[in-house]
Amino acid sequence: MAINRYVEAAMRYADVAALLIPALPELMKPEEVAPRLDGILLTGSPSNVEPWRYGEAGAPDAGPFDPGRDSMVFGLVEAMKDAGRPVFGVCRGFEEVNVAFGGTLRRDASASPDLIHHHAPEGASLPALFAHEHAVSLTPGGILARAFDRDALTVNSVHYQAIGRLGDGLTVEARAPDGLVEAVSAPGVLAVQWHPEWRAGDHPDSQTFFRLLGRIIRGEAP
């Protein structure tokens with residue numbers, strides 16, 4: 001499934017049509033889908049990437065998992081790269097991008113004493129979850145810094161996991177105050193750890209993000 005807010009924000013502000021891709025790898029192959037797409041947005045989800053995919057087999061407590069999505073997504077990332085089509089990610093999608101490029105994840109983004117809290121306290125309401133915010137610094141000269149024309153943003157923070165080791169070939173686009181990577185890019189790739197789709201109509205920066213995705217799909221931006 002994909003929560004409506006992802007689809008609505010992308011369609012409205014990126015000015016695109018949207019198709020949902022079933023996570024049914026036993027019935028259709030990623031390479032059958034990729035040539036039909038101009039770009040793909042890997043959305044957030046309550047599920048996490050299975051740890052064996054980044055070399056940590058003994059972590060059954062890291063779920064919930066969605067093996068069908070994992071299989072379809074990692075095949076799609078490769079197929080889209082081969083086809084020269086852009087790949088975008090939000091939250092889980094951001095983590096998927098890093099793993100697809102050979103990186104790892106850490107699961108202590110709101111538990112480590114060395115980090116700021118990247119998730120609201122347990123039991124918080126849905127609005128309170130997305131009201132949990134922190135600043136991110138944008139990499140000078142990066143895609144996001146150029147798109148927003150400034151060096152920092154305030155973003156919502158709703159994640160227990162984060163990048164451990166950065167994937168090969170990925171460039172850091174933004175960092176949290178504690179140094180955690182919050183956005184990455186590569187040729188044809190852009191992904192963020194935060195949730196620009198949340199109430200995008202109330203947040204001009206979120207609208208700017210999705211407009212950037214639309215421009216990339218249409219070949220108007222790097």
[X] and [Y]: side chain donor to acceptor below 3.5 Å:
X      : Y      : answer
Thr139 : Glu173 : no
Gln161 : Glu95  : yes
Asp178 : His118 : yes

Next item on the list: Look at the aromatic rings of Trp198 and Phe130 and report parallel, tilted or perpendicular, splitting at 30° and 60°.
Entry: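 Trp198 vs Phe130 ring planes: parallel.
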
So, do [X] and [Y] sit near enough that their side-chain heavy atoms are less than 4.5 Å apart?
X      : Y      : result
Glu50  : Pro67  : yes
Val181 : Phe94  : yes
Pro127 : Arg199 : yes

Notebook entry, point to check: When you check the gap from the basic side-chain N to the acidic O, do Arg92 and Asp70 get nearer than 4.0 Å?
Noted result: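 Counted as a salt bridge, because a side-chain N and a carboxylate O are separated by less than 4.0 Å.
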
Margin query: Regarding Glu197 and Arg5, does a basic nitrogen lie under 4.0 Å from an acidic carboxylate oxygen?
Written below: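 Looking at Arg5 together with Glu197, the answer is yes, because their closest N to O distance falls below 4.0 Å.
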
Hey, could you give me the [atom1]/[atom2] distance between [X] and [Y], rounded to the nearest 0.5 Å?
X      : Y      : atom1 : atom2 : answer
Arg69  : Leu76  : CZ    : CG    : 10.5 Å
Ile40  : Ile217 : CD1   : CD1   : 10.5 Å
Asn48  : Cys91  : CG    : SG    : 8.5 Å
Leu190 : Leu170 : CG    : CG    : 11.0 Å

Assigning hydrophobic clusters by single linkage (Ile, Leu, Val, Met, Phe, Trp, Tyr; side-chain heavy-atom cutoff under 4.5 Å), is [X] placed with [Y]?
X      : Y      : value
Val73  : Val99  : no
Phe88  : Met80  : no
Phe210 : Phe148 : yes

Taking only distance into account, with no hydrogens and no angle test, what donor-acceptor pairs under 3.5 Å do side-chain atoms of residues 9-23 form with protein atoms, sequence neighbours excluded?
none

Give a yes or no answer on whether the side chain of [X] reaches the backbone of [Y] with a donor-acceptor pair at less than 3.5 Å.
X      : Y      : answer
Arg85  : Pro35  : yes
Ser112 : Asp108 : no
Asn98  : Arg165 : yes
Ser47  : Phe65  : no

Notebook entry, point to check: Do Glu133 and Val158 pass the side chain to side chain contact (heavy atoms under 4.5 Å, CB included) test, and can you show the C-alpha distance, the side-chain angles, and the key distance before you say yes or no?
Noted result: CA-CA 9 Å; Glu133 298 178 329; Val158 193; over 6 Å; no

Note to self: I'd like to know whether Tyr6 forms a side chain to side chain contact (heavy atoms under 4.5 Å, CB included) with His195, so could you lay out the CA-CA distance, the side-chain angles of the two residues, the decisive distance to 0.1 Å, and finally the verdict.
What the structure shows: CA-CA 9 Å; Tyr6 293 101; His195 286 268; 3.2 Å; yes

Notebook entry, point to check: When you look at Leu153 and His134, which way does the side chain to side chain contact (heavy atoms under 4.5 Å, CB included) test go after all the steps?
Noted result: CA-CA 8 Å; Leu153 300 174; His134 62 70; over 6 Å; no

Next item on the list: Assess the pair His117 and His132: is the distance between their ring centroids shorter than 6.0 Å?
Entry: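 Here the rings of His132 and His117 have centres that are no less than 6.0 Å from each other.
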
Margin query: Using side chain to side chain contact (heavy atoms under 4.5 Å, CB included), reason through Trp194 and Val90 one step at a time and then give a plain yes or no.
Written below: CA-CA 7 Å; Trp194 63 89; Val90 167; over 6 Å; no

In residues 25-32, what donor-acceptor pairs under 3.5 Å come from side-chain atoms, sequence neighbours left out?
| from | atom 1 | to | atom 2 | distance (Å) |
| --- | --- | --- | --- | --- |
| Glu32 | OE1 | Lys29 | N | 2.8 |

